Trainee: 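Let me give you the structure first, and then I'll get to my questions.
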Amino acid sequence: IVSASNDGTIRIWDIKSGAELSRFDEHAGPVRALDLSVGGGRLLSGGDDQIMRLWDLDAGKLLYEFKVNNPVTDVALFNDGRQALCGSGSFVGWWVGRESAWRKGGWMPLPTSVASLAPAADGRHALFGPLGGNVFVWDWRRKQVIHRLIGHAGPILDLQALEGNRWVTASADRSVWLWDYQRNLELARFQDHRDRVEAVAVSDDGQWIVSGGGWHPGSRRPRGHDDF
């Protein structure tokens, strides 16, 4: 498991033993976002120090630093490992490259700050979750928004792609939604959380969704980081 914290560290954990395997502490402030490549060999991170970083987990070293102008709220790697996204302020940045050689592809302004983003499996589309309740579907080739998924009553705090055209979104409105983004259609809605839903993850086979939200009295907190 890979975790990020307000203490500025990124840590790798052994699931069975709970032992810390390695640590990266180059970020000068809270680390707000992580994204693993397909296969788990590369890690993208971003935080309040206004830098997105690409890591080689196998070698335990930093490959590249992407400097932006505002704190980073979310990051994402495309499945091919050659495109990277960064949410920073009210802009989404796009880079193209690999390993230690990257170039900026451009910036797209949004009406509000970006809370979450993720690429589609087709390598052409990406979804952005601003602090409003709408989700923007962006086509990189056409460089424009092609759909807006409307329905959540609060900010979109996380989103993930499944196979095909399906996406899952998590919101401060305490719900998790499953969408067909091409048809702009809600497929399912889960409203079991008692507080804001801050994160979602999807299993490799696309059959399971894991969601997590706010803490409540009596909840067990994982130990290891100096802050959360």
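On a predicted model such as this, the values are computed, not experimentally measured, just so you know.
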Trainee: List for me each residue that meets side chain to side chain donor-acceptor pair (under 3.5 Å) alongside D35, sequence neighbours excluded, and say none if there are none.
Mentor: none

Trainee: Can V168 be reached from I150 by stepping across I, L, V, M, F, W or Y side chains whose heavy atoms are under 4.5 Å apart?
Mentor: no

Trainee: Any chance you could lay out the side chain to side chain donor-acceptor pair (under 3.5 Å) test for H152 and D173, step after step, and finish with the verdict?
Mentor: CA-CA 7 Å; H152 278 291; D173 66 8; 3.0 Å; yes

Trainee: State plainly whether one hydrophobic cluster holds both F136 and L159, where clusters connect Ile, Leu, Val, Met, Phe, Trp and Tyr through side-chain heavy atoms under 4.5 angstrom apart.
Mentor: no

Trainee: Taking all non-hydrogen atoms of both residues, which atom of A118 and which atom of A76 are closest, and how far apart?
Mentor: CA-CB, 4.1 Å

Trainee: Is it the case that S171 and W177 place a side-chain donor and acceptor less than 3.5 Å from each other?
Mentor: no

Trainee: Heavy-atom distance under 4.5 Å between the side chains of L149 and I156, does that happen here?
Mentor: no

Trainee: For atom CZ of R189, decide whether the heavy atoms of other residues, nucleotides or ligands shown that lie under 6.0 angstrom number more than 12.
Mentor: yes

Trainee: Could you check whether D56 pairs with R42 (Lys NZ or Arg NE/NH1/NH2 to Asp/Glu carboxylate O, under 4.0 Å)?
Mentor: yes

Trainee: To the nearest 0.5 Å, what is the distance between CH2 (W138) and NE2 (H147)?
Mentor: 14.0 Å

Trainee: With sequence neighbours excluded, give me every salt bridge (charged side-chain N to carboxylate O under 4.0 Å, His left out) pair touching residues 63-76.
Mentor: R53-E65

Trainee: List in chain and number order the residues that pass side chain to side chain contact (heavy atoms under 4.5 Å, CB included) with D14, two or more places apart in sequence or in another chain; answer none if no residue qualifies.
Mentor: K16, S17, L21

Trainee: Can you find a heavy atom in the side chain of V197 that is under 4.5 Å from one in the side chain of D158?
Mentor: no

Trainee: Indicate if L36 and V31 have the same hydrophobic cluster label, given that clusters are the connected sets of ILVMFWY residues with side-chain heavy-atom separations under 4.5 angstrom.
Mentor: yes

Trainee: Nearest 0.5 Å please: distance from the CD atom of E26 over to the OG1 atom of T9.
Mentor: 11.0 Å

Trainee: Apart from V72 itself, what residues make up its hydrophobic cluster when side-chain heavy atoms of I, L, V, M, F, W and Y under 4.5 Å apart count as a link, directly or indirectly?
Mentor: L44, M52, L54, L63, Y64, F66, V68, V75, L77, F91, W95, W102, W107

Trainee: Does a side-chain heavy-atom distance below 4.5 Å link V200 with S211?
Mentor: yes

Trainee: Please name the pair of heavy atoms, one in R23 and one in R11, separated by the smallest distance, quoted to 0.1 Å.
Mentor: NH2-NH1, 3.3 Å

Trainee: Which residues satisfy the side chain to side chain contact (heavy atoms under 4.5 Å, CB included) test with A115, sequence neighbours excluded?
Mentor: L131

Trainee: As an exercise, state the distance from CG of N184 to CH2 of W179, rounded to the nearest 0.5 Å.
Mentor: 7.0 Å

Trainee: Any chance you could measure D180, atom CG, to L162, atom CG, to the nearest 0.5 Å?
Mentor: 11.0 Å

Trainee: Partners of A188 by side chain to side chain contact (heavy atoms under 4.5 Å, CB included), sequence neighbours excluded?
Mentor: L178, F190

Trainee: Any link between F24 and I51 through a network of hydrophobic side chains (Ile, Leu, Val, Met, Phe, Trp, Tyr) touching at under 4.5 Å?
Mentor: no

Trainee: Are V145 and L127 linked, directly or through other ILVMFWY residues, by side chains that come within less than 4.5 angstrom of each other?
Mentor: no

Trainee: Side chains of L85 and F78: does their closest heavy-atom pair fall under 4.5 Å?
Mentor: yes

Trainee: Between S37 (side chain only) and G81 (backbone N and O only), is there a donor and an acceptor less than 3.5 Å apart?
Mentor: no

Trainee: Check whether any side-chain heavy atom of H27 lies under 4.5 Å from a side-chain heavy atom of S45, and answer yes or no.
Mentor: yes

Trainee: Look at the rings of W167 and Y181 and say which category their plane angle falls in: under 30° parallel, 30 to 60° tilted, over 60° perpendicular.
Mentor: perpendicular

Trainee: Using a 4.5 Å cut-off on heavy atoms from C-beta on, say whether the side chain of V2 contacts that of I10.
Mentor: yes

Trainee: Is the number of heavy atoms from other residues, nucleotides or ligands within 6.0 Å of CG (N69) greater than 12?
Mentor: no

Trainee: Mind checking the OG-CD spacing from S116 to E198? Nearest 0.5 Å is all I need.
Mentor: 12.0 Å

Trainee: Output the distance between atom CD1 (I209) and atom CZ (R166), rounded to the nearest 0.5 Å.
Mentor: 7.5 Å

